[in-house]
Amino acid sequence: MLKGSNACLASMLAMVGTAAATDDVEAVQPKATFVYVDKSERQLFVFSGRTLLLQYPVALGRVPAGHKQQEGDKRTPEGVYMLDWKNPNSRYHRSIHVSYPNAADRADAQRRGVSPGGDIMIHGQPNQSPLPAAALQQHDWTDGCIALTDAQMDALWEVVDVPVPIRIVP
């Protein structure tokens, strides 16, 4: 695990114990300062400083290899972006927007005469999906987004106060 995590964990546990023992003090939920997605490992990591808050398996775009090049290519972008707004009324169980495309993505797409695409999100499962999350999450099924189960999306939603930087690596 990360250096100093035992001391941090002990401190957090002490805070939770203190909060539970008093009526007027609430436990403080650490907030995300950085999100990291490793596409090859299909993992999302959420940090508060150097402390790992959450780690979840993810499903990616249907063409997971490579950086998103254009609209409709089914790829998940790679690079540094921002989680910049939340949508509680998404077609999926909640969603948090990834700021793709950035200026370099737009310039590259313009040079090639294509649209870079957009609407890249971290989201839960499709609303009213006939398939269980366990089945969907075994495959890359999105159009370029990063998918979690609904319970995982709820946990992410609680710790992310936008804007938060996200790095997506191959």
Side-chain angles (χ1 to χ4, degrees), residues 1-2 5 8-9 12-13 15-16 19-20 26-68 71-102 117-170:
M1 196 61 106
L2 304 171
S5 63
C8 184
L9 180 59
M12 287 174 30
L13 289 174
M15 284 174 39
V16 170
E26 287 187 30
V28 177
Q29 171 77 26
K31 294 297 183 177
T33 58
F34 184 70
V35 175
Y36 183 85
V37 175
D38 186 322
K39 288 173 51 174
S40 64
E41 296 294 324
R42 304 295 192 280
Q43 292 287 311
L44 175 139
F45 303 87
V46 181
F47 293 91
S48 180
R50 292 181 159 186
T51 303
L52 180 64
L53 299 179
L54 304 171
Q55 179 180 350
Y56 295 128
V58 297
L60 302 171
R62 284 177 254 173
V63 180
H67 176 58
K68 184 163 194 62
E71 184 174 9
D73 67 8
K74 310 294 187 209
R75 291 184 174 153
T76 302
E78 296 168 358
V80 177
Y81 300 96
M82 294 297 286
L83 298 177
D84 55 0
W85 53 269
K86 292 177 160 184
N87 181 2
N89 301 311
S90 169
R91 294 184 320 160
Y92 301 89
H93 180 74
R94 295 181 166 174
S95 61
I96 302 175
H97 184 256
V98 177
S99 66
Y100 173 88
N102 60 26
D119 290 329
I120 301 298
M121 311 290 249
I122 300 175
H123 60 67
Q125 300 299 291
N127 293 331
Q128 296 152 9
S129 173
L131 297 173
L136 277 175
Q137 290 301 102
Q138 290 182 18
H139 308 282
D140 292 319
W141 59 271
T142 77
D143 288 338
C145 295
I146 300 163
L148 300 168
T149 68
D150 291 351
Q152 293 164 347
M153 189 63 209
D154 287 341
L156 180 66
W157 188 271
E158 290 304 315
V159 300
V160 170
D161 287 342
V162 294
V164 171
I166 180 170
R167 181 178 181 126
I168 305 168
V169 300

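Keep in mind that what you see is a predicted model, and the values were worked out from it rather than measured. Below, all heavy atoms of this structure are taken into account, side chains as well, without hydrogens, waters or symmetry copies.
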**Q** Would you check if the side chain of Asn127 reaches a backbone N or O of Ser90 as a donor-acceptor pair within less than 3.5 Å?
**A** yes
**Q** Do Phe34 and Arg50 come within less than 4.5 Å of each other through their side chains, counting heavy atoms only?
**A** no
**Q** Got a donor-acceptor contact below 3.5 angstrom from the Thr142 side chain to the Leu60 backbone?
**A** yes
**Q** Keeping the roles fixed (side chain from Ser48, backbone from Thr51), state whether a donor-acceptor pair exists under 3.5 Å.
**A** no
**Q** Locate the shortest heavy-atom distance separating Arg42 from Pro64; write the atom from each residue and the value.
**A** NH2-CG, 3.3 Å
**Q** Under the rule for side-chain hydrogen bond (donor to acceptor under 3.5 Å, both in side chains), what residues qualify as partners of Asn87, not counting sequence neighbours?
**A** none
**Q** So do the side chains of Tyr56 and Gln137 get within less than 4.5 Å of each other, counting heavy atoms only?
**A** no
**Q** Would the distance check show the side chain of Asp150 and the main-chain N or O of Gln125 forming a donor-acceptor pair, the cut-off being under 3.5 Å?
**A** yes
**Q** List the steps and the verdict of side chain to side chain contact (heavy atoms under 4.5 Å, CB included) for Lys31 and Leu53.
**A** CA-CA 8 Å; Lys31 294 297 183 177; Leu53 299 179; over 6 Å; no
**Q** Please answer whether the main-chain N or O of Gly66 pairs with a side-chain N or O of Lys39 as donor and acceptor at a distance below 3.5 Å.
**A** yes
**Q** Tell me, please, which residues at least two apart from His93 pass ring-ring contact (aromatic ring centres under 6.0 Å, His included).
**A** none
**Q** Using 0.5 Å steps for rounding, measure from the CH2 atom of Trp85 to the OG atom of Ser99.
**A** 11.5 Å
**Q** Output the distance between atom SG (Cys145) and atom CG (Asp140), rounded to the nearest 0.5 Å.
**A** 12.5 Å
**Q** Say you draw a straight line from NE2 of His67 to OH of Tyr100; how long is it, rounded to the nearest 0.5 Å?
**A** 5.5 Å
**Q** If I compare all heavy atoms of Ala133 with all of Thr149, which pair ends up nearest, and what's the gap?
**A** CB-CG2, 4.1 Å
**Q** What are the two closest non-hydrogen atoms of Thr76 and Gly144, and how far apart are they?
**A** OG1-O, 3.1 Å
**Q** Over 60° means perpendicular and under 30° means parallel, so classify the ring planes of Tyr36 and Phe45, tilted if in between.
**A** tilted
**Q** How far does CG of Leu83 sit from CD1 of Ile122, to the nearest 0.5 angstrom?
**A** 4.5 Å
**Q** Please list all pairs meeting ring pair (Phe, Tyr, Trp, His ring centres under 6.0 Å) that have one or both residues in residues 123-147, counting only residues at least two apart or in different chains.
**A** Tyr92-His123, His123-Trp141
**Q** Considering non-hydrogen atoms only, spot the tightest contact between His97 and Met121 and give its length.
**A** CA-SD, 3.3 Å
**Q** Name every donor-acceptor pair, under 3.5 Å, that has one atom in a side chain of residues 156-170 and the other anywhere in the protein, sequence neighbours excluded.
**A**
none

**Q** For Arg62, what residues pass the side chain to side chain contact (heavy atoms under 4.5 Å, CB included) criterion, not counting sequence neighbours?
**A** Lys74, Asp143
**Q** Quick one: which residue pairs count as a salt bridge (charged side-chain N to carboxylate O under 4.0 Å, His left out) with a foot in residues 81-97, not counting sequence neighbours?
**A** Arg94-Asp154
**Q** Hey, does Lys68 have a side-chain heavy atom less than 4.5 Å from the side chain of Pro101?
**A** no
